[in-house]
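Chain naming here is simple, since letters A, B, ... match the order of the sequence lines and numbering starts at 1 in each.
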Amino acid sequence: MTAPLVFEGVAAGYRGRPVLRDISLSFAAGAVTGLVGPNGAGKTTLFRIALRLLTPQIGTVRLQDKELASWSATALARTIAYLPQEAEAHWPVQARKLVALGRLPHCAAFASLSGADEAAIDDALSRCDAKEFEGRRMDELSAGERARLLFARALAVGAPVLLADEPAAHLDPAHQLRLMELLRTEASRGTAVIVTLHDLSLASRFCDKVVVMNDGQVVADGAANEVLDDTVLRSVFAISARRLENGIVPWQRV
Amino acid sequence: MLALLALVLGFASLLMGPANLPVSEIVTGLLSRDGIASVIAQQIRFPRAALALLVGAALGASGAALQGLFRNPLAEPGVTGVTSVAGLGAVIAFYFGFASAHPVLLPTFAVVGALASACILYLLSRAGAGAVALVLGGVAIASLATALTALALSLSPNPYAMSEIVVWMMGSLKDRTLSDLAFAAPLVVFGIILLLTAARGLDALILGEEAAHSLGVNIHGIRRRVVLGVALATGAATAAAGAVSFVGLVVPHLLRPFYGYEPAKLIFPSALGAAALVTAADIAVRLISPDEKLPLGVLTALLGAPFFVWLILGMRRDR
């Protein structure tokens, strides 16, 4: 089976400032891929290309074996779900209404939600254990609960590719672990989950594959314990780490 | 319920006027073809009542849509300077005599003015300006428009033109005719329809622009529709009634909790609520001073400005 999302020799930038160079990556279905790298490495830019917010200068991006540029906006919206960095609700709408926004790509203009839409919303809410507060307003909930609902919104799209940009940032440890578990569950249903993470412990523990990016290029790509070796940690992150049985803990600056 | 309230107030407005006509005469006057009562009802009272509803609807819908687009409860045609520049456009039309050359030129100039300021706001928001920057930008636009309007006044060729401009600027529905109504109505209605077509996109914007884009929403299309819709509706309303400020701020803000804070659901009720509010204010103006020394725009500003301050204080507390 071919990977649902493939980058081939992609280079991109903003107004003449190159951000990504020669990116060739493929993201597999049913797996969690972690994108790690220092700030400004180009992780978010990679997402922006997949969402067609930015057009590559060189190279091609293929989604389900079809060139990205040839997708219609609606079909693309049904195929790639996106959870932005520091996602927040800008109006304090009811929690369920927020999750329902994930069904927009499935609704015809001015049509109301169908039974299938309602079922998808229920499913997303219960998978995130958010059913109990679906009737509450967003400003009545804690930051962790809001993060779960925003994640449920992305799940409600029901897309075969899920991009999550730093979903674990600003969350307490329990909510961070909860979110990583949710990402794993989503991948086990066959979704290609791609997540950017600053937390190398979470990346090494929960990701099937880790892509290390630095300065707009892919430095390493493979299983977490192989990719995050001492050389990469030192040259890319300027740290050393302690190794556990199935993960690493960043320990010292070098 | 809001529609009913607007209708009742609109009808009440028909009953107000210097000629003390009983209800029955107004009703028969509206329907019959001859007699003094029919002239008063059809040529004087009806345009005024209908324009009050129309101006309110335009301002309410514009306020709700702008607040949704900018995700900011302070956005409003008045605060963001759209009304002022529409007013400047109309003053230019007065000043150079275009307004008397052809009646359609006054609303045209006002709409062009509104469009120009709405485009500046749009560019500001695209440059990543936050809530405060938008309001400050609006203040700058409004001050510039006020300064240019003052310049037009001081250069005004004759006292009559000057007083005409001043009275018009204060915002009033006094002595409006059927032709004023005929020019404003299609623009306002088209503007509001344009805003309603953007409604679902405004809902998606709750999640921010990039997430809305990922849901297949054409963000640029939504912005274009809101900017054009607001410019048409507010421009036409300003051309008809002068500067009636704060209505577009107050009404959506008060109604928002009743519509689950959803921008899409808020536009139409805001139009109805503001139609009721402007009509009520226009009735109040006539009750408070029967010789109409208290202009409509002054009354809404007197009530709206303290509300605006209260809103800003509330926002600060939330943070």
Side-chain angles (χ1 to χ4, degrees), chain A residues 44 47-48 50-54 71-112 135-140 146 149-151 153-154 156-157 159 161-165, chain B residues 64-75 125-128 130-131 134 193 195-222 225 252-253 255-268 314-315 317-319:
Chain A
T44 303
F47 282 179
R48 290 177 60 87
L51 293 166
R52 286 205 312 219
L53 284 162
L54 185 69
W71 284 72
S72 79
T74 313
L76 184 66
R78 287 179 188 174
T79 310
I80 300 185
Y82 173 56
L83 182 66
Q85 200 169 350
E86 289 175 33
E88 266 302 340
H90 288 276
W91 296 109
V93 291
Q94 191 199 40
R96 190 183 173 86
K97 295 282 181 187
L98 184 97
V99 177
L101 291 174
R103 298 307 291 175
L104 275 181
H106 302 270
C107 294
F110 302 106
S112 49
R136 306 262 297 279
R137 258 171 46 189
M138 288 301 278
D139 57 351
E140 300 166 349
R146 288 203 302 276
L149 281 163
L150 287 157
F151 185 70
R153 193 289 298 164
V157 178
V161 177
L162 171 66
L163 311 180
D165 200 353
Chain B
L66 280 176
Q67 291 172 13
L69 181 67
F70 294 137
R71 287 159 280 155
N72 180 348
L74 298 182
S125 79
R126 247 181 88 163
L134 274 180
I193 289 174
L195 295 178
L196 287 172
T197 62
R200 185 165 278 183
L202 295 181
D203 265 357
L205 276 174
I206 293 172
L207 299 167
E209 293 193 356
E210 296 195 342
H213 170 92
S214 82
L215 290 169
V217 171
N218 177 357
I219 301 293
H220 293 295
I222 296 294
R225 276 185 239 175
H253 191 75
L255 292 178
R256 185 168 288 118
F258 299 101
Y259 293 90
Y261 293 83
E262 290 169 56
K265 279 193 194 159
L266 189 61
I267 295 177
F268 196 61
M315 279 179 75
R317 229 176 292 123
D318 283 347
R319 252 166 227 161

Sort A:Val157 into side chain, backbone, both or neither according to what part of it lies under 4.5 angstrom from a heavy atom of chain B.
-> side chain
Neighbour count >12 (heavy atoms, 6.0 Å) for atom OH, B:Tyr261 | yes
Return the option, out of A:His106, A:Arg137, A:Gln94, A:Arg78, with the maximum number of heavy-atom pairs under 4.5 Å with chain B.
-> A:Arg137
B:Leu195 side, atom CG; B:Leu66 side, atom CG - distance, nearest 0.5 Å | 8.0 Å
Give, for atom CZ of A:Arg48 and atom OH of A:Tyr82, the distance between the pair rounded to the nearest 0.5 Å.
-> 7.5 Å
Let me know if A:Ala89 has heavy atoms under 4.5 Å from chain B in its side chain, its backbone, both or neither.
-> both
Which atoms of A:Ile80 approach chain B - backbone, side chain, both or neither, heavy atom under 4.5 Å = backbone
Short side-chain to backbone donor-acceptor contact, A:Asp165 and A:Thr44, under 3.5 Å | no
Examine whether an atom of A:Leu150 lies under 4.5 Å from a heavy atom of chain B, and if so say whether it belongs to the side chain, the backbone or both; otherwise answer neither.
-> side chain
For B:Leu205, is it the side chain, the backbone, both or neither that has a heavy atom under 4.5 Å from a heavy atom of chain A?
-> backbone
Any B:Glu209 side-chain heavy atom under 4.5 Å of B:Ile222 side chain | no
Residue B:Pro257 versus chain A: region with a heavy atom under 4.5 Å = neither
Pick one of side chain, backbone, both or neither for A:Pro84, based on which atoms fall under 4.5 Å of a heavy atom in chain B.
-> side chain
Chain B contacts, top residue of A:Glu88, A:Met138, A:Lys97 (heavy-atom pairs, under 4.5 Å) | A:Lys97
Does the ring of A:Trp91 carry B:Arg256 above it, NZ/CZ under 6.0 angstrom from centre and within 45° of its axis?
-> yes
Region of B:Leu202 that comes under 4.5 Å of a non-hydrogen atom in chain A = neither
Nearest heavy-atom approach of B:Leu215 to A:Arg153 is CD2-NH1, 3.6 Å
